[in-house]
Amino acid sequence: MYNTLSKRKEPFATVEAGKVGIYLCGPTVYDKAHIGHMVGPVIFDCIKRYLTYRGYKVNWVVNITDVDDKLIKKANERGISMLQVAEENIEDYQSNLAALGVDQIDHFPRATDCMPEIIAFVEELVKQGNAYESEGDVYFDVGKDAEYGKLSNRSIESMQGEGGSTGERKRHVADFALWKSAKPGEPSWESPWGAGRPGWHIECSAMSKKLLGETFDIHGGGLDLVFPHHENEIAQSECCHHKPMVLYWAHNGLLRKGGDSGKIGGGDAGEKMSRSKGAGGLADLIKRQGGERIRFFLLRTHYRSTVLFNEPAIEEAGTGLEAFYRLFKRYTRITGHDFYALKPNTHRSESKSDGEAASAAAEAASPAARCRERFIAAMDDDFNTGGAIGELFELSTITNKFCDEANLEGDGKNDMAAIAKFTSLLTTIKELANILGMFLKPPATAGKGDDLTAKLMPLVIEVRAAARKNKNFAVADKIRDTLGPLGIVLEDRAGGTEWSASQTGLGGTAPGDSAPGDSPGAKWSGAIMGLLIQLRADARAAKDFATGDMIRTRLGEIGVTLEDRAGGTEWTLA
RNA sequence: GGCGCCGUAGCCAAGUGGCUAAGGCAUCGGAUUGCAAAUCCGACAUCCCCGGUUCGAAUCCGGGCGGCGCCUCCA
């Protein structure tokens, strides 16, 4: 595991054997979250899943900073309380996390819930002589900390400047506030130094101590927190406890705006994402793309890398994801079972009986087993999710190939041994993907059409099947060519024709004007009705009244009435 | 200016001393299909440049060039 403090990868050894304590710096909740806030939670969600898979008991803490100058400012602007601002944004943050499948967090401490611990921490630092009171504020005295600067690799001497607005209260410009006195009207807590609130960094020292102890295993956060936030945390905690605060400091790379993303923030392409530069709209993004795509997009790259973010890149990731979803449907076609109901191993090695051990040994040399080994090797190497995902794709190819060669959708459909092997391959995919928090449950279906579309499509397929049977390929192709631009794809398979719909076709090619409030599904069903009416007209023109009547009858069964008028056929839904 | 990070195919991206440099997207062939889609097979990389260390370098060292982060609030 890479350690920011030593600037190298180190063997993984925990404070207490078999247990891991993780602290991740969460957001300051003065505004809505943006996608950059999701990078840390997603990777640490994977880290916890993987460590759990490898047999560790993991305790993961993500703090919420709900008291801060920016919250106060925001509350004043909006004429509501600081607490209300915090509540709103915490809800936004947590619903975004849930959408991305981040559900491994054990504790969500809030700064305002830990005031006694924070005040006690500051008192201890003052008592030990590492901090001093000044006009109601309390400052950490960096000069008393010989190791100050070791995380971000800088020296106190190099720190110049005027020390900010409170510069004259400090002994050294690099000293930072542990406690800030309250101005009239500001939210405050009573303390030995009068009414006030905590400085930005002290809460993390206090909360990590409270929940994980004086020395814990992993401390994470964005690369932009290394200085001053984490530098100051180390200083506070280690001066207070006289022992290492953290074994591994893990910082994730930052998201930058990609070239053709257009409107993700205010500034130029390539700039860092940040709320102060207008990034936002995470909830909308999730609505458009779905959480799993975004998660997959983030995990394709190693967590310490900078990621260029733009929406087309997320769509590209989604394209790769589709191949897995198709494989899962293939599994259902063949076995009648649901991929998501498979129950893979949740730990690296489940205990095996002697007989199983023998077959396991035989299987160990298989391509699939090698994929699993490489997947684990990748995760062992500083949580290399990008490398791990490559193995997942490799497994997908192996599985499809096996399926093709055993002809499981044809002559091989009764080959129970082959189907068992097939199922085992899918189970392996699920086992490994679940470590990444992927494929745990079916993705939220974004725009699979409305009820009417779902009812009309079987009829369309039936009409097309009849046409194909009669070698009337012009009609069959017309149907597919009409649906294609809408994003509806027809796939002819041994067992019949399947249809699937994607949001992408609705971009600019959907017929009619998109009145606000129109669901995508309504566009689909409208276009499909247009197609059916056209098909019926064509059939009648060709004196194929059987087909024409069949269309009308079947539409009637699903509640659609056709009326032939001089100007054309109109339809109404009962 | 100080402290760091990065430069691998059209794009994204693993690999950090040694088998044919993973994988994805896109593109182009082939198998399959009535035609498609899907699936499979195949094609597609002077590893930014120059020098050095080494039997051997994308990988280590030095020097360029180019991109970026932090040093102020930031995930």
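The chains referred to below are lettered A, B, ... by the order of the sequence lines, with proteins before strands, and numbering in each begins at 1.
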Under the criterion side-chain hydrogen bond (donor to acceptor under 3.5 Å, both in side chains), I'd like the reasoning laid out for A/Ser6 against A/Arg8: C-alpha separation, chi angles, the key distance, then a yes or no. CA-CA 5 Å; A/Ser6 64; A/Arg8 68 185 62 171; 4.8 Å; no

Close side-chain approach of A/Tyr93 and A/Ile64, heavy atoms under 4.5 Å: yes

Nucleotide [N], atom [atom2] - distance to [atom1] of [X] in whole Å:
| X | N | atom1 | atom2 | result |
| --- | --- | --- | --- | --- |
| A/Phe393 | B/G23 | CZ | C1' | 7 Å |
| A/Leu255 | B/G69 | CG | P | 13 Å |
| A/Leu321 | B/G24 | CG | C1' | 11 Å |
| A/Ile72 | B/C73 | CD1 | C1' | 14 Å |
| A/Asn3 | B/C5 | CG | P | 14 Å |
| A/Glu409 | B/U32 | CD | C1' | 13 Å |
| A/Asn96 | B/A75 | CG | P | 14 Å |
| A/Met379 | B/A22 | CE | C1' | 16 Å |

Which value, in whole Å, describes the distance between the [atom1] atoms of nucleotides [N] and [M]?
| N | M | atom1 | result |
| --- | --- | --- | --- |
| B/C25 | B/C61 | P | 35 Å |
| B/C49 | B/A58 | C1' | 14 Å |
| B/C12 | B/U20 | C1' | 23 Å |
| B/G24 | B/A13 | C1' | 8 Å |
| B/A14 | B/A22 | C1' | 6 Å |
| B/A26 | B/U39 | P | 10 Å |
| B/C47 | B/C19 | P | 15 Å |
| B/A9 | B/C35 | P | 38 Å |

Hey, which sits more toward the 5' end of RNA chain B by its nearest nucleotide, A/Cys25 or A/Gly390? A/Gly390

For RNA chain B, whose closest nucleotide is more 5', that of A/Ile389 or that of A/Arg304?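 Between the two, 5'-proximity favours A/Arg304.
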
What does [N] pair with, Watson-Crick or G-U, if both distances are under 3.5 Å?
| N | answer |
| --- | --- |
| B/G42 | B/C28 |
| B/G34 | none |
| B/G66 | B/C6 |
| B/C60 | B/G52 |

What I want to find out is whether A/Asp381 reaches A/Arg374 closely enough, with some N-O distance under 4.0 Å, to be called a salt bridge.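 Salt bridge between A/Asp381 and A/Arg374, a charged N being under 4.0 Å from a carboxylate O: no.
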
Check whether more than 12 heavy atoms from other residues, nucleotides or ligands sit under 6.0 Å from atom NZ of A/Lys471, and answer yes or no. no

Applying the side-chain contact (heavy atoms from CB on, under 4.5 Å) criterion to A/Tyr303, which one of A/Asp382, A/Leu298, A/Val42 satisfies it? A/Asp382

Over all strands shown, is [X] touching base, sugar-phosphate only, or nothing at heavy-atom distances under 4.0 angstrom?
| X | result |
| --- | --- |
| A/Phe473 | base |
| A/Gly220 | nothing |
| A/Leu225 | sugar-phosphate |

Between protein and nucleotides 35-41 of chain B, what N or O pairs are separated by less than 3.5 Å?
residue: B/C35; atom: O2; partner: A/Asp477; partner atom: OD1; Å: 3.3
residue: B/C35; atom: O2; partner: A/Arg480; partner atom: NH2; Å: 2.4
residue: B/C35; atom: N3; partner: A/Arg480; partner atom: NH2; Å: 2.4
residue: B/C35; atom: N4; partner: A/Asp492; partner atom: OD2; Å: 3.0
residue: B/A36; atom: N6; partner: A/Asp492; partner atom: O; Å: 3.1
residue: B/A36; atom: N1; partner: A/Asp492; partner atom: N; Å: 2.9
residue: B/A36; atom: N3; partner: A/Arg480; partner atom: NH1; Å: 2.5
residue: B/A38; atom: O3'; partner: A/Arg326; partner atom: NH1; Å: 3.1
residue: B/U39; atom: OP1; partner: A/Arg326; partner atom: NH1; Å: 2.7
residue: B/U39; atom: O3'; partner: A/Asn400; partner atom: ND2; Å: 3.4
residue: B/U39; atom: O2'; partner: A/Asp404; partner atom: OD1; Å: 3.3
residue: B/U39; atom: O2'; partner: A/Asp404; partner atom: OD2; Å: 2.5
residue: B/C40; atom: O4'; partner: A/Asp404; partner atom: OD2; Å: 3.2

Is it the case that the side chains of A/Asn400 and A/Arg326 hold a donor-acceptor pair, with the cut-off being a distance below 3.5 Å and no angle test?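 Distance-only check fails for A/Arg326 and A/Asn400.
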
Verdict with reasoning, A/Tyr50 to A/Asp380, per side-chain hydrogen bond (donor to acceptor under 3.5 Å, both in side chains): CA-CA 9 Å; A/Tyr50 182 64; A/Asp380 275 345; 2.7 Å; yes

Check the interface with nucleotides 11-15 of chain B: list each N/O to N/O pair with the protein under 3.5 Å, or write none.
residue: B/C12; atom: O2'; partner: A/Arg300; partner atom: NH2; Å: 3.2
residue: B/A14; atom: OP1; partner: A/His302; partner atom: N; Å: 2.9
residue: B/A14; atom: O3'; partner: A/Asn384; partner atom: ND2; Å: 2.6
residue: B/G15; atom: OP1; partner: A/Asn384; partner atom: ND2; Å: 2.8

To the nearest 0.5 Å, tell me how far A/His201 NE2 sits from A/His230 NE2. 10.0 Å

Walk me through whether A/Phe324 and A/Phe393 qualify under ring pair (Phe, Tyr, Trp, His ring centres under 6.0 Å). CA-CA 8 Å; A/Phe324 287 98; A/Phe393 276 103; 4.9 Å; yes

Can you list the steps and then say if A/Glu233 with A/Tyr23 is a side-chain hydrogen bond (donor to acceptor under 3.5 Å, both in side chains)? CA-CA 12 Å; A/Glu233 278 185 46; A/Tyr23 186 94; 5.9 Å; no

For residues A/Arg300 and A/Ala313, report the shortest heavy-atom separation together with the two atoms involved. NH2-O, 4.0 Å

